[in-house]
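As the structure lists them, so they are numbered: ligands from 1, and atoms in each ligand from 1.
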Amino acid sequence: MQNAAFSACNLDYVYIPFAVAPEKLGEAVSGLHALGVRGYNVTIPHKTEIIRYLDGLDKSAEDAGAVNTVLVDNGRMIGYNTDGDGLVCSLAEDLNFVPTMGTIVIIGAGGAARGAVAALCRAEAKRVIIVNRTFDKACALKSDMNQRYPEVFIEAVKMEELNEKYLPYTSLVVNTTSIGMNGDRIEFLNLAMLSKSAKVYDMVYSPLITPLIHEASGMGLMVSNGLGMLASQGERAFTIWTGQTPPKGLMKQFLTGICCS
Ligand code: NAP
């Protein structure tokens, strides 16, 4: 989708994917620096670990404590987080949901969850509940966000507490974990406890229809996969690297084309 946008804007850039093992991250960053790249994205599992190799952070990344986009500017590597704002944009476009609307349950506490919670707080969410397999990570995320956004009511809850105590009053559930990428269900989540007006967002976009999306749509709930977020975070990264705005909707159109072909 980046290459399609570079081409549409007549820009002499190219976007190339590299698989980097966790223990090679530092070497990969040095290599990119030496090659003189303009910027890059980082994804699972590097979004927090990358920070120690960078020269500075934009507010979006500082808020989240996670980076998905890096700009190399005058030899300095600056980290940004475009995931969170990408999610907020996709929630509005794909689910007609704005963060002020009600209680939001975030499943997961990794890099993607960090970007999501920070952006939801910036967008004036009222109440955010974080639930994660490793409870300590949910608590750490809650505590980081509480310091930055004391006006938002943020709670970390244990998996076994979620269903009966919280789901009946939830407006939106966001899956930020990688569960679903390999066809697994989120075992601890009982969607039947949600009200009929609740909405479900799965950040996973491959497969397009995850077990969560399948189950929630089968129950008549409004759902979206993470394709809109992927396009939206990409549009923001494009602008950071090039200073230009990509043609509106082109990245999503491109993704929809490849995903459906
Ligand atoms: P990450 O930092 O490695 O975090 C992974 C999260 O998933 C952690 O909360 C982890 O829980 C949880 N998890 C993984 N396997 C699990 C399992 N079997 N059972 C329960 N919890 C499990 O990864 P990330 O960067 O946040 O990315 C997470 C997902 O979001 C990926 O699928 C990625 O593709 C997607 N994503 C999509 C977009 C988009 O544009 N649509 C953007 C960013 C990310 P523990 O803490 O207990 O390990």
Before you tell me yes or no, could you show the steps for Asn68 and Gln233 under side chain to side chain donor-acceptor pair (under 3.5 Å), namely the whole-Å CA-CA distance, both residues' side-chain angles and the distance that decides it to 0.1 Å? CA-CA 9 Å; Asn68 76 322; Gln233 62 77 31; 3.2 Å; yes
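- The presence of a protein heavy atom under 4.0 Å from atom 29 (C) of ligand 1 is confirmed.
- For atom 14 (C) of ligand 1, the closest non-hydrogen atom on the protein side is Ser178 OG, 3.4 Å.
- Using a 4.0 Å heavy-atom cutoff, Gly86 is absent from the residues neighbouring ligand 1.
- Looking at Asp85 and Thr82, their side chains never come closer than 4.5 Å, going by heavy atoms from C-beta outward.
- For atom 5 (C) of ligand 1, the nearest protein heavy atom is 4.0 Å or more away.
- For atom 44 (C) of ligand 1, the choice among Lys47, Glu187, Met159, Lys137 with the nearest heavy atom turns out to be Lys47.
- Heavy-atom contacts of Gly108 reach the following atoms of ligand 1: 9 (O) (cutoff under 4.0 Å).
- Residues His46 and Val20 form a side-chain contact, since some pair of their non-hydrogen atoms from C-beta on lies under 4.5 Å apart.
- By the 4.5 Å heavy-atom criterion applied to side chains, Val131 and Phe188 are counted as neighbours.
- Taking the six-membered ring where the residue is Trp, Phe6 and Trp241 present tilted rings, their angle falling between 30° and 60°.
- In terms of protein heavy-atom proximity, atom 7 (O) of ligand 1 is nearest to Thr177 CB, 3.2 Å.
- Set against the non-hydrogen atoms of Gly111, the atoms of ligand 1 under 4.0 Å away are 2 (O), 26 (O).
- Those atoms of ligand 1 with a heavy atom of Ala112 less than 4.0 angstrom away are 24 (P), 25 (O), 26 (O), 27 (O), 30 (O), 43 (C), 44 (C).
- Looking from atom 16 (C) of ligand 1 to the surrounding protein, the closest heavy atom is Arg133 NH1, 3.5 Å.
- Side-chain contact annotation: Asp202 with Ser224, donor-acceptor N/O pair under 3.5 Å absent.
- Taking only nitrogen or oxygen atoms, main chain and side chain alike, Tyr205 does not reach within less than 3.5 Å of ligand 1.
- Ranking the protein heavy atoms by distance from atom 8 (C) of ligand 1 puts Asn132 OD1, 3.9 Å first.
- Scored by the salt bridge (charged side-chain N to carboxylate O under 4.0 Å, His left out) test, Lys252 finds Asp94 as partners (sequence neighbours excluded).
- For atom 3 (O) of ligand 1, the nearest protein heavy atom (residue, atom name, distance) is Ile44 CG1, 3.6 Å.
- Phe97 and Tyr201 have their aromatic ring centers separated by at least 6.0 angstrom.
- Close contacts between ligand 1 and Asp83 involve ligand atoms 42 (C), 43 (C) [criterion: under 4.0 Å to a heavy atom].
- Residue Gly111 comes nearest to Ala66 through the heavy atom pair O-CB, 3.7 Å, listed as atom of the first residue, atom of the second, then distance.
- Of the N or O atoms in Ile179, none lie within a sub-3.5 Å distance of an N or O in ligand 1.
- In the candidate list Val204, Asp202, Thr134, Thr134 is nearest to atom 45 (P) of ligand 1, counting heavy atoms.
- For atom 36 (N) of ligand 1, the nearest non-hydrogen atom from the set Arg114, Met181, Glu49, Met203 comes from Met203.
- Heavy-atom minimum distance, Ser60 versus Asn81: OG-N, 3.0 Å.
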